[in-house]
Amino acid sequence: MTYVGTADSDEALAGQATRGKREAFEQLVRRYAAPILAFCQHLVQNAAEAEDRTQEAFTKAYQKISQFDPSGKFASWLFKIAQNCCID
């Protein structure tokens, strides 16, 4: 069993999540919940709507984690998903 520690890189955690390690994705959510919420609040200018878009972004990221390209930055990928959720 692989321990998912807080020192793991975002990309390593995303790779583990791709292989079915739910706790790896949960660690990513803990890392990015506040920054994604702040980003969504900036884009939609409504606290309740920003919370909904944040939840949607993490749901979509979880569903599409296998599409993440580990040669790129996880944060960039996640923020792009959040941006698209706020635009839609």
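All values derive from a computational prediction rather than experimental measurement.
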Working to the nearest 0.5 Å, report the span between CZ of Phe58 and CG of Leu78. 5.0 Å
Hphob cluster co-occupancy, Ile36 + Leu43, side-chain heavy atoms under 4.5 angstrom: yes
Separation of Ile81 CD1 from Tyr62 OH (nearest 0.5 Å): 14.0 Å
Under a 4.5 Å cut-off applied to non-hydrogen side-chain atoms, are Thr18 and Phe68 in contact? no
Compare every heavy atom of Ala82 with every heavy atom of Ala57, then report the nearest pair and how far apart it is. CB-CA, 3.7 Å
Would you sort out whether Asp10 and Lys73 count as a salt bridge (charged side-chain N to carboxylate O under 4.0 Å, His left out), showing the intermediate values? CA-CA 8 Å; Asp10 296 342; Lys73 291 280 192 183; over 6 Å; no
Using the rule that two of Ile, Leu, Val, Met, Phe, Trp, Tyr join whenever any of their side-chain heavy atoms come within less than 4.5 Å, decide whether Leu28 and Phe79 are in one cluster. yes
Evaluation steps, side-chain contact (heavy atoms from CB on, under 4.5 Å), between Leu13 and Phe74: CA-CA 9 Å; Leu13 289 170; Phe74 176 80; over 6 Å; no
Kindly give the heavy-atom pair with the smallest separation between Trp77 and Ala61, and that separation in Å. CH2-O, 3.5 Å
Search all heavy atoms of Ser9 against all heavy atoms of Arg31 and return the closest pair with its distance. C-NH1, 3.8 Å
Determine yes or no for a side-chain-to-main-chain donor-acceptor pair under 3.5 angstrom, with Glu11 supplying the side chain and Ser71 the backbone. no
So, for Cys86 and Cys40, which heavy atoms are closest and what is the spacing to 0.1 Å? SG-SG, 3.4 Å
With a 4.5 Å limit on heavy-atom distance, are the side chains of Phe25 and Gln16 in contact? no
side-chain contact (heavy atoms from CB on, under 4.5 Å) against Glu26, all qualifying residues, sequence neighbours excluded: Arg22, Glu23, Arg30
Which pairs with one or both residues in residues 48-57 pass salt bridge (charged side-chain N to carboxylate O under 4.0 Å, His left out), sequence neighbours excluded? Glu49-Arg53, Arg53-Glu56, Glu56-Lys60
